Structures are given as structure tokens and as C-alpha cells.
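Source: prediction; values computed, not measured. Note on naming: letters A, B, ... go to the chains in the order of the sequence lines (proteins, then strands), and numbering restarts at 1 for each one.
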Amino acid sequence: MKQILWFRRDLRIEDNAILAHAQGEVFPLFIFDQNILEKLDAKDKRVTFIYQSVLNLKKELQKIGLNLAIFYDKPEAVFQRLKEKFDEILCSIDHDNYAKVRDKNIEKIIPLKRFNDAFLIDPQEHLNKSHLPYKVFTPFYNSLFYLWESHKIKTLSPANNLQLHDFNYEHVPSLEAMGLKKQILPEFLEQKAEVLLEKFTSKLTAYQKERDFFSLDASTKLSVHLRFGLLSAKQFFNALRPYQASEAVIRQLFFREFYNYLLYHFPHSQFENQKPLKIKFLNNQEDFKKWCQGETGVPIVDAGMRHLNQTGLMHNRLRMVVSSYLTKNLLIDWRWGEAYFAKKLLDYEASSNIASWQWASSTGSDSVPYFRIFNPYLQSEKFDKEGIFIKSVLTELSQLDPKLFHKENGVQSNLFINYPSQIVSIKMSRLRAIEAFKQAKSKP
DNA sequence: AGAGCGTTGTA
DNA sequence: ACAACGCTC
């Protein structure tokens, strides 16, 4: 048996399904997919992260007597060249549309063996008592109680006695050759997943209380590592579950499961409202541009967006604040926001991003009620009272009294500060959104 | 099949 | 209160 081990979003050795299930002669490879790269900005941060992770993986594979061939090509072309020599490809599953279409085409060239490796559960399982997929988080979460109860989930180790297929693929394409520039990444991304995990574990007890506060450093910082599989979901679970205080963070891990599960069962939700609502969005291009650039005149929204643009990161609650502002206050289609996040977020995960935007725009299956609209000023007052986060990003406001950040036109009232005026009044746009969603619902 | 409930809120 | 609905058992 001759197998290609196609690494994609599983850039690790331990608990890796394709390495564990491999047998005989193997050819590990990674493809920098031209179809994907050609659509990216030359300054895309994720590719820098993936690039360094892939080089690390190559070293790790060499330590266990294997290696990694690195291609810059279209997957179809790579496998066309290799098809005579191999019996099958092993890879992990992705449920987003691009991945599904890609894999279907590859399968016509060489048989593909897929493993559910990026998530704890296989979405095909875990149906409700009516044998239908869950649409509400809590019952879904309760159905995973058996997992929660098990303090350890069995992980996988690389298979023994693998032989490396004839290997003369030492050439590694440079980032520049792929049309990309090396980017400076947030410092924590240079650290190994185990190190971040250990640091998080030491402050786990504070997580539940502090996780909502933008300026506190309470989050796991592991979303990017999880996204590209430098750490598996099982490893994450196993490391944290033993602790008393783990419920809150495991719950978030299960949200990740839920959103992957929803995308699997409701693939159309990637493109359309999951609930068949016909909302009359305003979709004003100028407003959208201001939102993207962090020029809305609402300090917490602008700080969140500019921080995203600068770093590729955004705090969970901030994502809710800016997405509520876009879809409700500005009445712009969630798909515009989803696409922008897809371009910018270092931890962009299609399933989580899509479901979260559907949540914010009240179009998803278990989303926020349309009349429960975030007031960005109350959010910043509650979660960034001293304006620490806002000032860290909007440095031109660093001398201001933080109270000004938490009321409409507060900053603008200071005549010495040059800050954009508000696009809309919060009160007016809130009522406008409620009306638009009411209308959408009453349509046949 | 009818009861009970629903991630993150606001005025 | 908001609006009152879909999901789940």
C-alpha cells in the first residue's frame, strides 16, 4: 500500500489521524494551494503563520524518519503527477464549500480516505430523538455530556514502521516566490501550543469571570493553533478537562463543535440566511468601508476593527459588538461582514465565522432575537470601563476621559480631537433595525 | 403533544 | 416588557 499523507489543517505529529492510520510506504506532503493564495493579499498574516508551522512540521517529521514535500501548486495538478505511484490519499475532513468541491475533484484522481480529525465529534452522529440534527445549542451541549464526563478522550499516536517513499522533494518554495510577504505576527503566535496551553491553565480559574473583558488577558490564545491543527481539539480537551474550573472553556470548545456540526448539516447556511428571512438591508458601500477601516465614529467599534486590521485578532465579545453594529445599526448583510472577517482573522474558521455572523444577524437557527440589539456604548462601558483597550488602539484618544468613550458623540464633543462623526444615531438605527426585521418576518 | 425553554441585551 | 416562535423531549 502506497499512501499520500496530505497535511492541511493538522500540522502536528501527535494525535494526528492520518499519521496514525498510515501504513507501509508513505509520502507526506503539504500544498500551498494556488487557488487559495492567488485570492489573498500579499500581506496576508495567516500564510506567514502557516509557513512557519509547515517548516516546523517538516522538522518534526524528519525526527521520526519521515519528511514533508512542500508544493506551491494547484492540488489537482500535484495529484495528477503523483497518481501513477500511489493507491490512496489520507486527509482530514473540512465541511466548507471550497474544501468539499476540491476534495470531490481530487477523489476522481486518487481515492481519498477522510478522517474527522479537527473536531471531537463526527457531525453525522449526535442527532436528536427525532433523528434530526440539533439546532439549539443547549440540547446539543447536553447530548455531549458523555464526553464531558470522560476526563480523557483517547488520542492517536503515529503508526510504527512507516517507510518514506523515494524522497527528492527538498525544495521549499519561499513566501516571496508564492507572491507573499513575510508578516510580523503577534508575539504569542511564535510560541508552541503546549506553552500557551500551560500559561492558560495557570489562569483557568479566572476565565469565567474575566473572559468578557476586552483589555484583560483571560482568553486561551489558542484559536489560531487550533485552526491549523498545531493542537488538536482532543489535546485541548484532555489538557483542561481535569480541572474543576474547566466547564466554561470546554463549553466554548463545544461551541466550536456545534458550529462545525451546523455547517455540515446545513451547508446552505454558508451562502444564505439559515432562517428564510427576507431582510431589506441598506447595504451602503460607504458605511461598509467605514466599518472595515474603523471609521464609524463609535470608539469601541473603531478600536475593534482597527485592531483586527493591524493584528488579525479580535476578542470574542468584540466580534459580537462589531457584527451587531454592522448588521443591525448599519443594516448591512452579514455576508459582507463574514467575508471581511474571512480575509482578516488569523483564526478564521469557516464554520465558526458563518454561524457567528448568522447568530449576530438573527438569521441563524439559534441566534440572538432581533430586538435584542447590542448598544456599543453600553458594551464598552461594561467591558472596557477605563478605556484601556480603546486607548491602546485609538492612541490619538489616549489623553481623554474614558467616560467620553461610552456616550454618543462623547469624543466628538472634544474640539481638539479629530475623530470621525457617527454614521448613525444608535437610538434611531436600533428602531430602524427592529422595524426591518419585523417586516422580514411578516413576509409570506 | 403540550410544556418548557432559549450563549453573550436594552430601555 | 420587548414578540411570541421554533426546538426538544
Side-chain angles (χ1 to χ4, degrees), chain A residues 126-145 148 207-214 216 218-220 223 246-262 265-266 269 273-279 298 300-301 304 314-329 334 351-384 406-408 424-444:
Chain A
H126 300 282
L127 301 175
N128 67 22
K129 294 270 149 67
S130 317
H131 304 286
L132 295 169
Y134 289 102
K135 293 180 169 181
V136 174
F137 177 72
T138 303
F140 171 82
Y141 182 68
N142 293 336
S143 83
L144 297 186
F145 186 68
W148 166 252
Y207 179 75
Q208 176 139 40
K209 215 171 69 218
E210 297 184 352
R211 58 183 290 264
D212 273 320
F213 294 86
F214 312 133
L216 295 181
S219 73
T220 66
S223 62
S246 64
E247 203 270 345
V249 71
I250 300 290
R251 190 181 172 81
Q252 295 306 308
L253 185 68
F254 284 10
F255 258 104
R256 181 175 176 274
E257 295 292 320
F258 183 50
Y259 286 164
N260 180 60
Y261 173 96
L262 286 181
H265 287 289
F266 307 101
S269 68
N273 294 342
Q274 193 170 337
K275 279 189 217 154
L277 290 170
K278 292 247 185 292
I279 302 148
V298 183
I300 193 62
V301 173
M314 195 186 286
H315 187 280
N316 168 252
R317 176 163 289 273
L318 224 27
R319 297 185 198 199
M320 293 190 278
V321 172
V322 302
S323 54
S324 172
Y325 183 79
L326 186 79
T327 56
K328 302 290 168 58
N329 297 100
W334 66 267
S351 56
S352 297
N353 205 46
I354 290 160
S356 300
W357 274 96
Q358 294 256 20
W359 180 87
S361 69
S362 304
T363 54
S365 58
D366 188 16
S367 48
V368 65
Y370 69 87
F371 49 83
R372 195 177 288 171
I373 295 172
F374 282 59
N375 180 326
Y377 294 97
L378 290 180
Q379 289 289 315
S380 67
E381 177 155 46
K382 257 194 204 166
F383 300 108
D384 191 22
H406 312 315
K407 55 182 189 201
E408 288 194 60
V424 286
S425 110
I426 295 300
K427 193 174 173 187
M428 177 287 284
S429 57
R430 175 179 178 274
L431 294 173
R432 184 175 72 179
I434 289 175
E435 202 43 47
F437 276 77
K438 248 189 216 169
Q439 290 300 321
K441 196 179 41 158
S442 58
K443 291 256 168 57

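- Annotation: salt bridge (Lys or Arg N to Asp or Glu O under 4.0 Å) contacts of A:E381 (sequence neighbours excluded): A:K385.
- Remark: A:K427 engages A:S425 in a side-chain contact (heavy atoms from CB on, under 4.5 Å) (not counting sequence neighbours).
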With 3.5 Å as the limit, what N/O pairs link the protein to nucleotides 5-7 of chain B?
{"unit_1": "B:dT7", "atom_1": "OP1", "unit_2": "A:D366", "atom_2": "OD1", "d": "2.6"}
{"unit_1": "B:dT7", "atom_1": "OP1", "unit_2": "A:D366", "atom_2": "OD2", "d": "2.0"}
{"unit_1": "B:dT7", "atom_1": "OP2", "unit_2": "A:T138", "atom_2": "N", "d": "3.3"}
{"unit_1": "B:dT7", "atom_1": "OP2", "unit_2": "A:T138", "atom_2": "OG1", "d": "2.2"}

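- For the side-chain contact (heavy atoms from CB on, under 4.5 Å) test, residues two or more places apart in sequence or in another chain that qualify with A:S219 are A:K221.
- Scored by the ring pair (Phe, Tyr, Trp, His ring centres under 6.0 Å) test, A:F255 finds A:F137, A:Y259 as partners (sequence neighbours excluded).
- For DNA chain B, if you chain together Watson-Crick or G-U pairs that step i with j, i+1 with j-1 and so on, the runs of at least three with distances under 3.5 Å are B:2-6 with C:5-9.
- Mapping heavy-atom proximity under 4.0 Å, the span of DNA chain C touched by chain A runs 5' to 3' from C:dC2 to C:dC9.
- In this structure A:R430 satisfies the side-chain contact (heavy atoms from CB on, under 4.5 Å) test together with A:I373, A:I434, sequence neighbours excluded.
- Looking at residues two or more places apart in sequence or on another chain, you find a side-chain hydrogen bond (donor to acceptor under 3.5 Å, both in side chains) between A:Y141 and A:E247.
- Among pairs with a residue in residues 133-145 of chain A, none fulfils salt bridge (charged side-chain N to carboxylate O under 4.0 Å, His left out), at least two apart in sequence or across chains.
- Here A:I373 lies in heavy-atom contact (under 4.0 Å) with sugar-phosphate atoms only.
- Residues satisfying the side-chain contact (heavy atoms from CB on, under 4.5 Å) test with A:F213, not counting sequence neighbours, are A:L216, A:F383.
- Within the structure, side chain to side chain donor-acceptor pair (under 3.5 Å) pairs that include any residue of residues 314-327 of chain A comprise A:D212-A:R317, A:R317-A:Q379, A:R319-A:D347 (at least two apart or interchain).
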